[in-house]
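What you see is a predicted model; the values in this text were computed from it and never measured. In what follows, chains carry the letters A, B, and so on, assigned in the order in which the sequence lines appear, proteins first and then strands, with residues in each chain numbered from 1.
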Amino acid sequence: MRKIANVTSLVFIVIAVFFFIISLSFPPGSNGAVGPGYFPRIMCVLVVLLSCLQLFNSHRAHVRAVQRGEKEENEEVTIFKKENLRVWITIGITLVYVICVKAIGFVVSSVVFLFAMNAYFRVQEKSKVAFVIIPFAVVAVLYFIFHNLLHVVLPAGLLF
Amino acid sequence: MLEVLQSVLQPSVLLCILLGVIMGISFGAMPGLTSTMGVCLLMPLTFSLPPAEGMLMLIGIFCGALYGGSITAILINTPGTPSAAATVLDGYPFTLRGEAGRALGISVVASFGGGIISGIVMILISQKIAMFSLKFSAPETFALAFFGLSIIAGISGKNLVKGLMAGCLGILLSMIGIDNITAFTRYNFGSVYLMNSLSFIPVLVGLFALSQCFITCEDLFTERPPAKATKHPFPSKQDMKTILPTILRGGITGTAIGIIPGAGGDISAFVSYDMERRLSKHPEKFGTGVPEGIAAPESSNNGTTGGALIPLLTLGIPGDANTAVMLGALQMHNLTPGPNLFLTQLPTVRTIFAGFMLANVCFLVLGLLCQPLFVKIVSIPKRILVPIILVMCTIGSYSINNNYYDVVVMFIAGIVGYLLSKGGFPLSPIVLALILGQMCEGNLRRSLVMSGGSYSIFFTRPICCAFIVVAICSLCWPILKAILNYRKEQRVHNK
């Protein structure tokens, strides 16, 4: 958790500095009113200050824990270990799905996506019926609700 | 009165409330699915409904989910929503003793009591607050938004600095798009889509529904112990006598905490549990399965429902993440929260109030009679649910504006949300700041135009000054507390 929080703080600082630099080119205010860059600049400074404080706090907690020879109180949180692989693969498949929704349409890509995810999560071990029926049933229900009831024009590809 | 009853008792309204509550209890009861997720995912479905029906469906989900969390907390020792985490402490020992039915009965009656108390408070004070806010001009609105932001950051998580960081990031993101005072376009990086500012519903769906899916993926295959349904969940006379004062206290505490922006059911449940233990004659028995230990958190977390709706309807400031989604729904239905809502749309508001009460009755009846059904729903494996929710996130965020970019924003927000929650950052400050940030900035600048650039305008107007003082106090309080704690620790350490 500590490492992730530290990296996040650094990313926050980068974003804030970036926003700050852009805001310098905004037009100034007139007649006592502050310009559009005023508020973002305050926020950027705050984000940088807070992120530094966070880094400092986490460093101090680490040093204290090492001094006392204790393990750090936080349980280890991982994001790039073997256990997290499933999450990243899920994110990957979802990314492909999001792209496909635009390219080949909602209906086809959703059915394929649900089959792929069910196969990946080994749903067939739980229930073979669910494995076959869910993709079609879910997409049919969603299509009915959104297309027929809500009149949403769903992204369509060549086929649907 | 009669008109209100007539409008609430229409079959379509009743059906919407019933559906909302059933969905809510199911979402709340399933660990890994939260009430915010339920409200997010079903919000697109409510657009085609008339305003009152749509809002009541969302309110039904909200109320139902806060009750539903306790079902799994009691039966399988896993809170269905974060708000039910305190219920586990005394709820599960009941199940171990074989008294799960008794515990479920206490929990549903307590939730109902808390909800009704908060509803009464909401009905009594909403209109007064709305009329009071008619006096608000730009400086007051700025002070109010600033007050909201300060509280959100201060109490939203265990870590103050991380909460503040998340809040500031939210404000920075709210700066994207056309500045509504000078019409200058900020931070759009040449994109036409971003000119219209980030639409916050996709961000919300990503942060609360998609990232939760990713977190659920981590322990997808760990099997939960099966939950067993019980009979006769109605509490006995003896139990009712014991829990009645607890429910009253819990309901009122919950309502008060719900009104504060940023504080939701999870905080109020622990506050009430703690309070009840201190007031109790036998504090040592807490944690071993006493009726008060279930009644306190349950009445309190349902108490936040009405509480959170008060600032939403009267001031347009959401009390927590659930009501933030409802703010979006209100805007979609062309209902602008604030005094105007009470002046021009009074019938709708009254229907919403009455429907809120009915939603509470609804989950009481469902909780007492249909409990086996919900136990069955809870046993649907996560691996079947996750892919379906992923599809619903996609289609839901697309259908709000029929815009593909919203899906992209939702996806990015999901990954960011996953990483941030892994780093221990609270997510709700981001969303609330996204809403309050614009309100805060716009009104700050408008007030400075009013005063010709002098900041004294914020301190010469009494209401405005009061809000700012309270806001500064609430920002300083956690810092002060941390320093005091640190000193105490040092003293103990030195000894």
Q: Indicate whether any N or O donor in one side chain lies under 3.5 Å from an N or O acceptor in the other, for A:S9 and A:Q54.
A: no

Q | Atom group of B:I415 that falls short of 4.5 Å from chain A, counting heavy atoms | A | side chain

Q. After noting the C-alpha distance and the side-chain angles of A:Y97 and A:S110, does the key distance pass the side-chain hydrogen bond (donor to acceptor under 3.5 Å, both in side chains) rule?
A. CA-CA 7 Å; A:Y97 166 61; A:S110 296; 2.9 Å; yes

Q.
With chain A as the partner, which of B:L420, B:V407, B:V386, B:L169 has the greatest number of non-hydrogen pairs under 4.5 Å?
A. B:L169

Q: Could you label the plane-to-plane angle of the A:H147 and A:Y143 rings as parallel, tilted or perpendicular, counting under 30° as parallel and over 60° as perpendicular?
A: parallel

Q: Measure the acute angle between the ring planes of A:F19 and B:F189, then classify it against the limits of 30° and 60° as parallel, tilted or perpendicular.
A: perpendicular

Q) Side chain, backbone, both or neither: which part of A:S109 has a non-hydrogen atom closer than 4.5 Å to chain B? A) neither

Q) With a 6.0 Å cut-off on ring centres, are B:F425 and A:F12 close enough? A) yes

Q | Residue part contacting chain A, namely of B:M165, when any heavy atom lies under 4.5 Å | A | both

**Q.** Top of A:K102, A:H151, A:R122 for chain B proximity - count of heavy-atom pairs under 4.5 angstrom
**A.** A:K102

**Q.** Proximity breakdown for A:F26 and chain B, heavy-atom pairs closer than 4.5 Å
**A.** both

(Q) Given heavy-atom pairs under 4.5 angstrom as the criterion, report whether the side chain, backbone, both or neither of A:F131 touches chain B. (A) neither

Q: Determine yes or no for a side-chain-to-main-chain donor-acceptor pair under 3.5 angstrom, with B:T394 supplying the side chain and B:L390 the backbone.
A: yes

Q.
Which one wins on heavy-atom pair count under 4.5 Å against chain A: B:E441, B:R446, B:M175?
A. B:E441

Q) Which one, A:A116, A:P27, A:A16, A:P135, leads in non-hydrogen pairs under 4.5 Å with chain B? A) A:P27

Q: Mind ranking B:P387, B:P44, B:S174 by heavy-atom pairs under 4.5 Å with chain A and telling me who comes out on top?
A: B:P387

Q: Heavy-atom pairs under 4.5 Å with chain B are the metric here; pick the option from A:L53, A:L142, A:L95, A:I145 that has the most.
A: A:L95

Q. So which heavy atom on B:C217 is nearest to which on A:T90, and how close?
A. SG-OG1, 3.6 Å

Q) What pairs with B:D179 under side-chain hydrogen bond (donor to acceptor under 3.5 Å, both in side chains), at least two apart in sequence or on another chain? A) B:T182, B:R445

Q. Between A:I91, A:I42, A:L46, A:I22, which residue shows the highest count of heavy-atom pairs closer than 4.5 Å to chain B?
A. A:I91

Q. Looking at residues at least two apart in the chain, or sitting in another chain, which of them share a side-chain hydrogen bond (donor to acceptor under 3.5 Å, both in side chains) with B:Y193?
A. B:D406

Q. Which of the residues A:V153, A:V11, A:V138, A:I93 is involved in the greatest number of heavy-atom pairs with chain B at under 4.5 angstrom?
A. A:V153

Q. Quick one: what part of B:F214 sits under 4.5 Å from any heavy atom of chain A, side chain, backbone, both or neither?
A. both

Q) Which atoms of B:F47 come close to chain A, meaning under 4.5 Å heavy atom to heavy atom: side chain ones, backbone ones, both, or neither? A) neither

(Q) Test your reading of the model: is there a side-chain donor-acceptor pair from A:R86 to the backbone of B:E218, 3.5 Å cut-off? (A) yes

